[in-house]
Asker: 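Got a structure for you, questions after.
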There are 2 protein chains.
Amino acid sequence: MNSRVPEGSVAEEKGTSSPLSSPTQISTGFVESAASLFREQGYAACTTRDLASALGIQKSTLYHYIDRKEDLLYEICRQSLAELTGAVQATLETVDSSTAVRAVIATHLSIVLAKKDMFSVTLMETRSLTGARREKILEARLRYRNIIGEVVREGQLNGELRNDIESTYLSMALFDHLNWILFSHSLEGNHVPENIAEHYTRIYLEGAAAKPSDGN
Amino acid sequence: MNSRVPEGSVAEEKGTSSPLSSPTQISTGFVESAASLFREQGYAACTTRDLASALGIQKSTLYHYIDRKEDLLYEICRQSLAELTGAVQATLETVDSSTAVRAVIATHLSIVLAKKDMFSVTLMETRSLTGARREKILEARLRYRNIIGEVVREGQLNGELRNDIESTYLSMALFDHLNWILFSHSLEGNHVPENIAEHYTRIYLEGAAAKPSDGN
DNA sequence: GTCTATAATGGGATAGAC
DNA sequence: GTCTATCCCATTATAGAC
């Protein structure tokens, strides 16, 4: 798996204006190869040799591109959250507010299922980050969480969502739904992302119980 | 945190009749202390010194009780799955079949939320197990998954659950709901398990969307 | 059953040649 | 930009005294 890698090494980020702006240029193939390994083995259990050999290089060569192993994890989390947040915000700007929840679910799932390794690692390995980078990622995650929370609250105001359950619980449940799917999916195997997204949306919105109108 | 520890060291399990029978006696406090650390730091990042110091002993003393660090992880997973499976099976034997899904959700959540560290670790760190033990835990997990799947299918036959969505998706969604709650919960903080369980059950069964009967 | 001391291994990261 | 060689240190696990 020799995805050859271009320019640049990781620099310490200076005070940048936008949150999670790119502090560096590590090639995409590089980052995604790392995401795949981190997902399979876990970040801590994955050695620099593992990373290098997946790229067909020696581990010392790895350090031509990065300063430390953690750089890769940080890039995975940063890129994932930036992409997801951007996509959802773009969706919110174009969609009719009466179907915002539905639209956000669709956007989230399509983004996340397209890059399962990246998002799985972001979810599970953020705790392995240290210092300021960890804080940055946790903040970015919280920002995204707050966007979802806001969409849920507006959904309640619009009549898209029920009002007899606190928004906190609706948000939590939605988050569960959106996140853990990465694991179920890998376990279950051969389900097409589009189908999953459709069914998950219906189950979250309509519920799993039989309706009175159903036959029995 | 000196939970003093009694007898025994880990023996290799012989061919035992029942699945996941206890091959050893490591004290409960020991195992739960390890679960707490594994959850916070991750299994691979948690050192034997960390484990020992949480118990107020030297790391070499740890090896009086276990043969290897992995013993602790295995015990966490084994005990968790045994308890959960047992509790759900007991529930299924006593409950009316028309409310089995509801009852299983309640049982699952009460068990899992009472031992969050244990179950979080079981969910996230099974991959760190090796060899036969890993297989055993994966099998136990699958058995539990199949029990839930069966409950869902019977729920569809009974009219407890809707029939217009494949049971695979209903099971997957239920699993997501039941599992990921461990993480949401820790993030959100101060919600009482009973409340969470109640709301989660309602959202899964009734859905998050506003009903026609709602005031807009 | 707990300790001190230490062996043995493997990991992240660097030096410096090509 | 990639390599070989190596440093340094943390980690798992053991030895053996008390």
Side-chain angles (χ1 to χ4, degrees), chain A residues 1-12 24-31 33-34 37-38 40-76 121 125 127-131 133-134, chain B residues 1-12 24-31 33-34 37-38 40-76 121 125 127-131 133-134:
Chain A
M1 182 170 291
N2 282 14
S3 22
R4 289 294 158 183
V5 182
E7 82 295 356
S9 109
V10 174
E12 274 308 303
T24 169
Q25 298 301 347
I26 310 177
S27 90
T28 308
F30 214 113
V31 173
S33 167
L37 290 180
F38 289 165
E40 281 168 36
Q41 310 177 17
Y43 171 76
C46 182
T47 71
T48 51
R49 175 172 304 160
D50 295 332
L51 290 163
S53 103
L55 293 162
I57 58 179
Q58 297 299 310
K59 64 175 176 162
S60 62
T61 308
L62 202 56
Y63 289 90
H64 187 75
Y65 301 101
I66 59 173
D67 286 338
R68 29 184 74 245
K69 182 181 156 190
E70 195 183 318
D71 294 347
L72 289 166
L73 179 56
Y74 179 67
E75 270 306 288
I76 291 166
V121 170
E125 302 285 2
R127 66 175 168 194
S128 297
L129 289 170
T130 60
R133 290 172 152 189
R134 179 190 195 138
Chain B
M1 181 173 290
N2 282 15
S3 23
R4 289 295 159 184
V5 181
E7 81 297 354
S9 111
V10 174
E12 272 308 301
T24 169
Q25 298 300 347
I26 310 177
S27 90
T28 308
F30 214 113
V31 173
S33 168
L37 289 180
F38 290 166
E40 282 168 35
Q41 309 176 18
Y43 171 77
C46 181
T47 71
T48 50
R49 175 173 304 160
D50 295 332
L51 291 163
S53 104
L55 292 162
I57 57 179
Q58 296 300 310
K59 64 178 174 156
S60 62
T61 307
L62 201 58
Y63 288 91
H64 186 74
Y65 300 102
I66 60 173
D67 286 338
R68 30 186 73 246
K69 181 180 155 189
E70 196 184 317
D71 295 346
L72 290 166
L73 179 57
Y74 179 66
E75 270 306 290
I76 291 167
V121 170
E125 302 284 1
R127 67 173 168 198
S128 296
L129 289 170
T130 60
R133 290 171 152 189
R134 180 190 193 139

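Both backbone and side-chain heavy atoms feed into the values below; hydrogens, waters and symmetry mates do not. Convention: sequence-line order gives letters A, B, ...; per-chain numbering from 1. From a predicted model like this one, the values you see are computed outputs, not experimental measurements.
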Asker: Distances under 3.5 Å between protein N/O atoms and the N/O atoms of nucleotides 3-6 of chain D, please, pair by pair.
Answerer:
residue: D/dC3; atom: OP2; partner: A/Gln58; partner atom: N; Å: 2.8
residue: D/dC3; atom: OP2; partner: A/Thr61; partner atom: OG1; Å: 2.8
residue: D/dC3; atom: N4; partner: A/Ser60; partner atom: OG; Å: 3.4
residue: D/dT4; atom: O4; partner: A/Ser60; partner atom: OG; Å: 2.6

Asker: Side-chain N or O of A/Thr48 versus OP1/OP2 of C/dG12: is the shortest distance under 4.0 Å?
Answerer: yes

Asker: State which residues pass side chain to side chain donor-acceptor pair (under 3.5 Å) with A/Thr47; sequence neighbours excluded, sorted by chain then number.
Answerer: A/Asp50

Asker: Please report the distance, rounded to the nearest Å, between NZ in B/Lys69 and P in C/dT9.
Answerer: 19 Å

Asker: Considering residues at least two apart in sequence or located in another chain, which fulfil the side chain to side chain donor-acceptor pair (under 3.5 Å) criterion with A/Ser60?
Answerer: none

Asker: The criterion is side-chain contact (heavy atoms from CB on, under 4.5 Å); which residues satisfy it with A/Thr130, sequence neighbours excluded?
Answerer: A/Glu70

Asker: Using a cut-off of strictly less than 4.0 Å, decide whether B/Tyr63 has a side-chain nitrogen or oxygen near OP1 or OP2 of D/dT14.
Answerer: no

Asker: Could you check how far CG of B/Leu55 sits from P of C/dT2, rounded to whole Å?
Answerer: 10 Å

Asker: Would you mind reading off the distance between B/Leu37 atom CG and D/dT11 atom P, rounded to a whole angstrom?
Answerer: 14 Å

Asker: Suppose we screen for side-chain contact (heavy atoms from CB on, under 4.5 Å). Which residues come up paired with A/Thr61, at least two apart in sequence or across chains?
Answerer: A/Ile57, A/Gln58, A/Tyr65

Asker: Using whole Å, report how far CD of B/Glu70 lies from C1' of D/dT12.
Answerer: 13 Å

Asker: Would you please name every residue forming a side chain to side chain donor-acceptor pair (under 3.5 Å) with A/Ser128, sequence neighbours left out?
Answerer: A/Glu125

Asker: Rounded to the nearest Å, what distance is computed from the CG atom of residue B/Asp67 to the C1' atom of nucleotide D/dA13?
Answerer: 11 Å

Asker: Mind calculating the distance between CD1 (A/Ile66) and P (D/dG1) to the nearest angstrom?
Answerer: 15 Å

Asker: Output yes when at least one side-chain N/O atom of B/Arg68 is less than 4.0 Å from OP1 or OP2 of D/dT12, else no.
Answerer: no

Asker: Over all heavy atoms of both residues, which pair between B/Ala45 and A/Ala44 is shortest? Give the atoms and the distance, please.
Answerer: N-CB, 4.1 Å

Asker: Would you say A/His64 places a side-chain N or O within less than 4.0 Å of OP1 or OP2 belonging to D/dT2?
Answerer: no

Asker: To the nearest Å, give me how far apart OH (A/Tyr43) and P (C/dG12) are.
Answerer: 8 Å

Asker: Does a side-chain N or O from B/Tyr65 land closer than 4.0 Å to OP1 or OP2 of C/dT2, or not?
Answerer: yes

Asker: Given atom CZ of A/Arg49 and atom C1' of C/dG12, what is their separation to the nearest angstrom?
Answerer: 11 Å

Asker: Apply side-chain contact (heavy atoms from CB on, under 4.5 Å) to the pair B/Cys46 and B/Leu51, showing each step before the final yes or no.
Answerer: CA-CA 7 Å; B/Cys46 181; B/Leu51 291 163; 4.0 Å; yes

